[in-house]
Amino acid sequence: MSESLDYRVNFSVDDAALSQLHQRAFGGEYELTPWRARLDTHSKSWVGAFADGQLCGFVHAVWDGGRHAFLLDTAVDPSLQRRGIGTTLVARIVADLRGSGIEWVHVDYEPHLHEFYSAGCGFRETTAGLLRLE
């Protein structure tokens, strides 16, 4: 299925379309997010998957201004999951980051996504810390 999709790097983002995809993929209440401004300000790269012109997958990489980037918001429409779209999105963004001076790509994920990121996308497990600020 993922071969018939159109993957676009650093495409012109429609805030409503990406907000709707984010809500479908992660649940919760719909909230219109200013994605375009957020990506332009903080992201080194982003990739979208499109089926029939409609956004159905997304990932972006924020960066430290140097050699480190980390993946955020990897999302695929639930009706299209488990078809290779997510791994293709990650592969495309990693390829784009390779030519941009980035040396390290980090990703945080929940335990149920371990196989996706390790076996599917090639990330190795590391120790990390997390502090929630409220």
Side-chain angles (χ1 to χ4, degrees):
M1 172 72 171
S2 61
E3 293 80 24
S4 66
L5 297 176
D6 178 26
Y7 292 89
R8 302 177 196 163
V9 177
N10 297 335
F11 63 97
S12 180
V13 172
D14 176 304
D15 289 342
L18 184 48
S19 295
Q20 291 165 0
L21 171 63
H22 198 271
Q23 189 276 328
R24 288 192 310 273
F26 296 109
E29 295 293 319
Y30 172 79
E31 180 180 332
L32 180 61
T33 302
W35 284 103
R36 175 178 273 178
R38 184 181 288 182
L39 296 171
D40 286 342
T41 302
H42 302 290
S43 294
K44 183 72 170 171
S45 182
W46 56 91
V47 179
F50 294 82
D52 298 323
Q54 301 296 310
L55 182 67
C56 65
F58 176 78
V59 65
H60 70 113
V62 298
W63 69 312
D64 67 352
R67 298 173 186 227
H68 292 255
F70 61 96
L71 300 185
L72 288 176
D73 300 303
T74 306
V76 174
D77 189 288
S79 68
L80 297 172
Q81 290 177 353
R82 301 197 181 280
R83 299 181 187 191
I85 297 168
T87 54
T88 301
L89 285 166
V90 172
R92 297 279 176 107
I93 200 163
V94 166
D96 189 54
L97 293 172
R98 259 187 227 291
S100 69
I102 298 296
E103 289 185 30
W104 295 97
V105 179
H106 309 260
V107 65
D108 294 327
Y109 52 85
E110 295 178 3
H112 72 277
L113 294 171
H114 178 75
E115 284 300 310
F116 170 76
Y117 282 108
S118 64
C121 299
F123 285 84
R124 65 178 175 82
E125 196 169 349
T126 63
T127 303
L130 179 65
L131 176 65
R132 182 179 181 125
L133 304 177
E134 295 191 72

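Only this structure's heavy atoms are used, side chains among them; waters, hydrogens and symmetry mates stay out. We're numbering straight along the sequence, starting at 1.
- The hydrophobic clustering, which links ILVMFWY residues whose side-chain heavy atoms are closer than 4.5 Å, places Leu39 and Val62 apart.
- Residues Ile93 and Trp35 fall into different hydrophobic clusters, defined by Ile, Leu, Val, Met, Phe, Trp and Tyr side chains chained together at heavy-atom separations under 4.5 Å.
- By the 6.0 Å contact criterion, CD on Gln54 is open, its count of non-hydrogen atoms from other residues, nucleotides or ligands being 12 or less.
- Once rounded to the nearest 0.5 Å, the distance linking NE2 of His22 with CG of Leu55 reads 11.5 Å.
- The backbone N or O of Pro34 sits nowhere less than 3.5 Å from a side-chain atom of Asp15 that would complete a donor-acceptor pair.
- Side-chain heavy atoms closer than 4.5 Å link hydrophobic residues (I, L, V, M, F, W, Y) into clusters, and following such links, possibly through other members, connects Tyr7 to Val94.
- The nearest pair of heavy atoms linking Gln81 to Val76 is NE2-O, 2.9 Å.
- Summarising the geometry of Phe26 relative to Ala75, their closest heavy-atom pair is CE1-CB, 3.8 Å, with the distance given to 0.1 Å.
- The environment of CZ in Arg67 is sparse: at most 12 heavy-atom neighbours from other residues, nucleotides or ligands sit within 6.0 Å.
- Linking Ile, Leu, Val, Met, Phe, Trp and Tyr residues whenever their side-chain heavy atoms come within less than 4.5 Å leaves Val47 and Phe50 in two separate clusters.
- The shortest heavy-atom contact between Gln23 and Gly28 is NE2-O, 2.9 Å.
- Rounded to the nearest 0.5 Å, atoms CG (Leu18) and CZ (Phe58) are 5.0 Å apart.
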When you look at Asp40 and Trp46, which way does the side-chain contact (heavy atoms from CB on, under 4.5 Å) test go after all the steps?
CA-CA 10 Å; Asp40 286 342; Trp46 56 91; 3.6 Å; yes
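- Checked against the 6.0 Å centroid threshold, Tyr109 and Phe116 do not count as a close aromatic pair.
- Distance CG/Leu97 to CG/Leu71: 7.5 Å, rounded to 0.5 Å.
- Annotation: side-chain contact (heavy atoms from CB on, under 4.5 Å) contacts of Ala17 (sequence neighbours excluded): Asp14.
- Heavy atoms only, all atoms of each residue included: Val105 and Ile102 are closest at CG2-CG2, 4.1 Å.
- Residues Ser43 and Trp63 share a closest heavy-atom pair of C-CD1, 4.1 Å.
- By the criterion of side-chain heavy atoms lying less than 4.5 angstrom apart, applied directly or through intervening Ile, Leu, Val, Met, Phe, Trp or Tyr residues, Val59 is not grouped with Phe70; the two fall into different hydrophobic clusters.
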Test Arg38 against Thr33 for side-chain contact (heavy atoms from CB on, under 4.5 Å), laying out the working first.
CA-CA 9 Å; Arg38 184 181 288 182; Thr33 302; 3.5 Å; yes
Result block: side-chain N/O donor-acceptor pairs under 3.5 angstrom for residues 117-131, not counting sequence neighbours:
unit_1: Tyr117; atom_1: OH; unit_2: Thr74; atom_2: OG1; d: 3.0
unit_1: Ser118; atom_1: OG; unit_2: His114; atom_2: O; d: 2.7

Just do the side-chain contact (heavy atoms from CB on, under 4.5 Å) check on Phe11 and Asp6 with the steps written out, would you?
CA-CA 11 Å; Phe11 63 97; Asp6 178 26; over 6 Å; no
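- With rounding to the nearest 0.5 Å, the separation of CZ in Arg83 from CG in Leu5 is 9.5 Å.
- Between Asp96 and Ser45, the shortest heavy-atom contact is OD2-OG, 2.5 Å.
- Annotation: the span from Asn10 atom CG to Lys44 atom NZ amounts to 10.0 Å, rounded to 0.5 Å.
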